[in-house]
Amino acid sequence: MISVTICSPERAAAAPWDDLVRRASPNVFMNPAALRAAQDCGFADIRVLLAFDEAASPRALVGLWALQRRVVAPLLPAILEALPFYYAFLSSPVVDPGFADEVMPAFLAAIERDPALPRVITLKSLDAEAPSYAALRTALSGKGGAQLALKQFARPFATKDHGIKRSGSTRKKLRQDWNRLSALGAVELVNDRSAAGVAAAFESFLALEAGGWKGARGTALTCDPRHARFTRELIRALAARGDASVALLRVEGRAIAAQVLMYCGTSAYTWKTGYDAEFAKFSPGALLIDKLAEALFADGVIDTIDSCSVQDSFMAQLWSGRRAMVDLVVDVGPGRSFGFAVETARQRGIARLRELRNRLRAWRAVPPAPKKPPVPREA
């Protein structure tokens with residue numbers, strides 16, 4: 001029998017998370033330490049669903065799913081988001097695969113029973129290959145719950161056995177860039193996983209990000225004090241458990257690229273990256289990711305790396321592995337509610353605006369055609 005408890009991130013912190021992730025499909029953004037950081041900073045209103053196998057003695061945690069309650073506009077109904085906080089890039093629940101077909105219906109039933117929770121859930125970046133995904137779709141179909149797939153895409157992904165490109169033009173360019181960079185001085189990769197080392201390296205990352213195009217656009221983390229405070233606390237909380245680090249690519253001791261990493265079980269997540277624009281011609285971000293992947297797999301602990309990025313990112317040029325992902329909107333109750341109709345319309349509107357923005361940026365990036373010189377007239 002499966003029982004479900006709905007609680008705060010503070011109470012979830014006492015759950016046997018480390019034991020669960022040894023058996024379950026991973027998701028570092030469901031780590032109770034990360035959820036509590038978001039709560040303590042007032043960054044998200046999170047509810048945590050804990051599923052227990054009551055037949056075990058003592059009862060065993062077989063599922064954890066954190067959902068963010070949001071009111072996106074004053075006149076719109078509240079919704080749940082399965083990305084538990086902004087800067088999370090995976091909404092899949094952490095479920096023991098042997099219990100997925102029991103846990104997912106129990107999760108949906110618990111949400112439906114709770115009068116304080118909205119019935120409509122938006123699930124962005126849901127792992128379509130995890131056992132919990134098929135169990136979710138089946139559970140929704142069985143109870144007549146409405147569901148709409150907004151988008152399907154492939155996320156760059158690397159595994160220990162395959163997924164990293166070993167030949168081709170990209171590999172050749174990486175070798176050339178490394179050799180040219182090495183000509184400037186000693187080049188080293190540093191990934192200090194001590195709490196103090198992570199804190200110092202994260203400040204280096206923040207400085208690199210602020211000095212690049214994100215800083216110029218006003219979207220770097222340090223451009224918003226509230227976001228900077230939360231992400232510092234997020235990395236601190238994860239690093240205290242050994243679940244975060246910041247890898248630096250340094251030339252003669254100077255950091256020219258930084259990659260923020262998170263860890264869950266045997267999976268690593270390349271969360272955020274930054275580089276020094278002065279060294280852009282050497283592709284420092286790509287060099288760092290390439291060397292870092294080799295180092296992570298060589299340690300023997302990590303066997304998968306999730307890029308946390310879109311399918312046309314630069315990591316797609318480095319890794320041939322792909323993970324099937326999907327964006328969904330679902331209603332846990334029977335039928336199609338007003339809230340479901342509102343949320344699907346909102347998400348479609350956001351997608352259209354994003355497409356228009358990307359087209360406008362692409363149009364602005366195209367240089368104007370050179371003017372032809374005037375044709376001289378005959379005398």
Side-chain angles (χ1 to χ4, degrees), residues 26 28-29 31 34 87 89 156-160 163-165 170 174-175 177-178 181-182 184-212 214 220-222 231-232 234-280 282-309 313-319 321:
V28 71
F29 303 107
N31 189 316
Y87 299 121
F89 298 107
F157 210 82
T159 68
K160 188 173 184 179
I164 297 179
K165 295 182 179 179
T170 299
L174 286 172
R175 288 195 298 267
D177 287 339
W178 183 266
L181 188 61
S182 299
L184 302 180
V187 182
E188 60 177 345
L189 169 67
V190 179
N191 189 22
D192 184 350
R193 294 186 63 169
S194 68
V198 174
F202 189 63
E203 294 303 316
S204 295
F205 158 74
L206 291 175
L208 287 171
E209 185 189 54
K214 286 190 177 181
L221 294 176
T222 52
T231 52
R232 283 187 172 106
L234 172 66
I235 297 305
R236 185 208 64 76
L238 289 175
R241 294 174 36 85
D243 291 334
S245 68
V246 183
L248 301 175
L249 183 66
R250 302 197 302 202
V251 178
E252 291 294 313
R254 174 183 174 181
I256 66 167
Q259 178 62 61
V260 185
L261 294 153
M262 296 177 178
Y263 307 94
C264 183
T266 59
S267 294
Y269 302 77
T270 52
W271 182 62
K272 288 278 185 179
T273 189
Y275 64 91
D276 189 332
E278 183 181 335
F279 293 82
F282 300 102
S283 307
L287 287 177
L288 175 55
I289 287 292
D290 184 55
K291 297 296 182 181
L292 182 59
E294 292 182 1
L296 289 174
F297 289 144
D299 283 347
V301 175
I302 299 300
D303 56 27
T304 61
I305 307 176
D306 186 334
S307 69
C308 295
S309 65
S313 70
F314 79 92
M315 291 187 188
Q317 302 174 25
L318 304 176
W319 301 343

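Along the sequence shown, residues are numbered consecutively beginning with 1. What you see below is based on every heavy atom in this structure, not just the backbone, and it leaves out hydrogens, waters and symmetry mates.
With sequence neighbours left out, the side-chain contact (heavy atoms from CB on, under 4.5 Å) criterion links Ala258 to Phe205, Leu208, Val246, Leu248. Judged as a side chain to side chain donor-acceptor pair (under 3.5 Å), and not counting sequence neighbours, Arg193 has no contacts. Residues satisfying the salt bridge (charged side-chain N to carboxylate O under 4.0 Å, His left out) criterion with Lys272, sequence neighbours excluded, are absent altogether.
The CG atom of Asp306 lies 11.0 Å from the SG atom of Cys264; values are rounded to the nearest 0.5 Å. Taking CE of Met315 as the start and SG of Cys308 as the end, the distance is 8.0 Å to the nearest 0.5 Å. Atom CG of Leu189 is separated from atom NZ of Lys291 by 9.5 Å, given to the nearest 0.5 angstrom. Summarising the geometry, atom CG belonging to Asp290 is positioned 12.0 Å from atom NZ belonging to Lys165; distances are rounded to the nearest 0.5 Å.
The two residues Ile164 and Ala293 make their nearest non-hydrogen contact at CD1-CB, 3.9 Å. Nearest heavy-atom pair across Met262 and Val28 is CB-CG2, 3.8 Å. For the pair Ala220 and Ala210, the tightest heavy-atom approach, listed with the atom from each and the gap, is CB-CA, 3.9 Å. Here the closest heavy-atom approach between residue Ser245 and residue Val198 is recorded as CA-CG2, 3.8 Å. When all heavy atoms are compared, the tightest approach of Tyr263 to Ala244 is CD1-N, 3.7 Å. In terms of heavy-atom proximity, Leu288 sits nearest to Ala247 at CD2-O, 3.7 Å.
For the pair Val187/Leu287, no side-chain contact is recorded, criterion being any heavy-atom separation below 4.5 Å from C-beta on. The side-chain heavy atoms of Glu209 and Thr222, taken from C-beta on, include no pair separated by under 4.5 Å. Residues Asn191 and Leu292 are in side-chain contact: their nearest non-hydrogen atoms beyond the backbone lie under 4.5 Å apart. Considering only heavy atoms from C-beta on, Trp178 stays 4.5 Å or farther from Phe282 through its side chain. Looking only at side-chain heavy atoms (C-beta outward), Leu181 and Val251 come within less than 4.5 Å of each other. In this structure, Arg236 and Leu234 have side chains that are not in contact, with every pair of non-hydrogen atoms separated by 4.5 Å or more. Between Leu261 and Tyr269, the closest side-chain pair of non-hydrogen atoms is not below 4.5 Å. Within the 4.5 Å cutoff, no side-chain heavy atoms of Ile305 are placed close to those of Phe157.
Tyr275 and Ser283 form no side-chain donor-acceptor contact under 3.5 Å, judged by distance and modelled atom types alone. With 3.5 Å as the limit, one finds no donor-acceptor pair spanning the side chains of Thr270 and Ser307.
Side chain of Trp271 to main chain of Tyr87: a donor-acceptor pair is present (N/O by atom type, distance under 3.5 Å, no hydrogens or angles). Proximity of a side-chain donor or acceptor of Glu252 to a complementary backbone N or O of Gly185 within less than 3.5 Å is not detected.
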side-chain contact (heavy atoms from CB on, under 4.5 Å) between Phe202 and Thr231: does it pass, once the steps are laid out? CA-CA 10 Å; Phe202 189 63; Thr231 52; 4.1 Å; yes

Run the side-chain contact (heavy atoms from CB on, under 4.5 Å) check on Thr273 and Ile289 step by step: do they pass? CA-CA 9 Å; Thr273 189; Ile289 287 292; 5.5 Å; no

Verdict with reasoning, Ser309 to Phe314, per side-chain contact (heavy atoms from CB on, under 4.5 Å): CA-CA 9 Å; Ser309 65; Phe314 79 92; over 6 Å; no

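Each of Thr304, Thr159, Asp303 was checked for a side-chain hydrogen bond (donor to acceptor under 3.5 Å, both in side chains) with Ser267, and the lone residue meeting it is Thr304.
By the 4.0 Å N-to-carboxylate-O rule, Glu278 lies close enough to Arg254 to be salt-bridged with it.
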